[in-house]
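Here is the structure we will look at.
Predicted model only: the values in this text are computed from it and were never measured. Throughout, residue positions are numbered sequentially from 1 according to the sequence presented.
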Amino acid sequence: MAVKIKLKRLGKIRSPHYRIIVADSRTRRDGRAIEEIGLYHPVQNPSRIEVDSDRARYWLSVGAQPTEPVLAILKLTGDWQAHKGLPAPAPLLQPEPKADKRALFEALATDGDEPKGDAITPKAKKADKKAEDADAAASAPAAEPTEA
């Protein structure tokens, strides 16, 4: 009997989560499992990956073949490298928690500087510009008519 380590899909249509299972290769994707050895939640940020390393290594040692997605997960957790005798991977990086946007906004708003109002262009400047354009057009020499 060929044994595979594969993903069993659970969850709603657009929010999938998976269980890493050991099953006969002939069973369907969400069919009966011999053993569940982990979890994978790709929608969470960061992705949630939990693998029972002892059981994963045991099943790999007795000849269970991981599918491609499970192989990628096992490489991230370091179980595949331990099975093959390769050096361990770098630890998974956890992203920095995002700063609270509301707190940043309030910190900037309470700096003590009141708005100065310099950003508003007064209408008088527009009128002055129109007058300058009219003066420039009047002072320019008129084109002389050409005789044909």
Side-chain angles (χ1 to χ4, degrees), residues 1-140:
M1 171 171 86
V3 177
K4 288 227 177 229
I5 303 174
K6 55 187 177 178
L7 295 176
K8 178 179 183 178
R9 189 181 195 281
L10 302 168
K12 297 178 185 176
I13 291 175
R14 287 179 181 78
S15 63
H17 55 276
Y18 300 91
R19 291 193 182 149
I20 302 170
I21 63 168
V22 177
D24 182 9
S25 63
R26 296 170 290 187
T27 60
R28 50 185 202 269
R29 179 189 68 178
D30 300 335
R32 197 177 94 202
I34 298 171
E35 184 179 359
E36 292 181 2
I37 61 170
L39 300 172
Y40 174 53
H41 294 257
V43 178
Q44 292 181 356
N45 191 9
S47 298
R48 180 178 169 198
I49 299 172
E50 294 178 15
V51 178
D52 186 1
S53 295
D54 295 335
R55 297 307 296 164
R57 291 178 190 176
Y58 165 77
W59 282 107
L60 289 170
S61 69
V62 296
Q65 295 296 312
T67 59
E68 288 183 23
V70 173
L71 181 61
I73 292 171
L74 292 177
K75 284 182 179 178
L76 286 175
T77 60
D79 294 322
W80 182 255
Q81 288 87 341
H83 170 66
K84 290 291 186 179
L86 301 172
L92 295 176
L93 298 176
Q94 298 294 330
E96 296 178 9
K98 293 183 180 178
D100 185 24
K101 290 182 180 179
R102 185 171 189 83
L104 288 173
F105 175 76
E106 290 174 356
L108 291 173
T110 58
D111 282 344
D113 295 343
E114 292 296 321
K116 298 175 184 172
D118 291 340
I120 300 173
T121 305
K123 292 183 180 180
K125 288 186 178 179
K126 288 182 182 178
D128 291 341
K129 186 175 181 181
K130 287 181 183 177
E132 288 176 8
D133 290 342
D135 291 341
S139 64

Okay, side chain of Asp30, backbone of Arg9: is any donor-acceptor separation there less than 3.5 Å? yes
Taking all non-hydrogen atoms of both residues into account, name the closest pair between Ile21 and Arg29 and its distance. CD1-O, 4.4 Å
Is any NZ, NE, NH1 or NH2 atom of the basic residue among Asp79 and Arg57 found under 4.0 Å from an Asp or Glu carboxylate oxygen of the other? yes
Decide yes or no for Tyr18 and Leu39: does some side-chain heavy atom of the first lie under 4.5 Å from some side-chain heavy atom of the second? no
Residue pair Ile73 / Leu7, side-chain heavy-atom distance below 4.5 Å: yes
Of all residues at least two apart in sequence or in a different chain, which pass the side chain to side chain donor-acceptor pair (under 3.5 Å) check with Arg48? Glu50
Which heavy atom of Ser15 sits nearest a heavy atom of Val43, and at what distance? CA-CG2, 4.2 Å
Nearest heavy-atom contact between Ser61 and Tyr58 is OG-O, 2.6 Å
Value for CZ (Arg55) from CD1 (Ile20), rounded to nearest 0.5 Å, stands at 14.5 Å
Drop me the distance from Glu35's CD to Arg19's CZ, to the nearest 0.5 angstrom. 13.5 Å
Answer whether the closest heavy-atom distance between the side chains of Trp59 and Ile34 falls below 4.5 Å. yes
Closest approach of Lys6 to Ala23 (non-hydrogen atoms, all atoms of both residues): CE-CB, 3.8 Å
With rounding to the nearest 0.5 Å, note down the distance linking CD in Glu36 to CG in Asp52. 11.5 Å
Considering all heavy atoms, the nearest Asp24-Ala2 contact: OD1-O, 3.0 Å
Quick one: are Leu60 and Trp80 in side-chain contact, heavy atoms under 4.5 Å? yes
Indicate yes or no: at least one non-hydrogen side-chain atom of Leu71 is less than 4.5 angstrom from one of Ile5. no
If every non-hydrogen atom of Lys4 is compared with every non-hydrogen atom of Thr67, which pair is closest and at what distance? CD-CG2, 4.1 Å
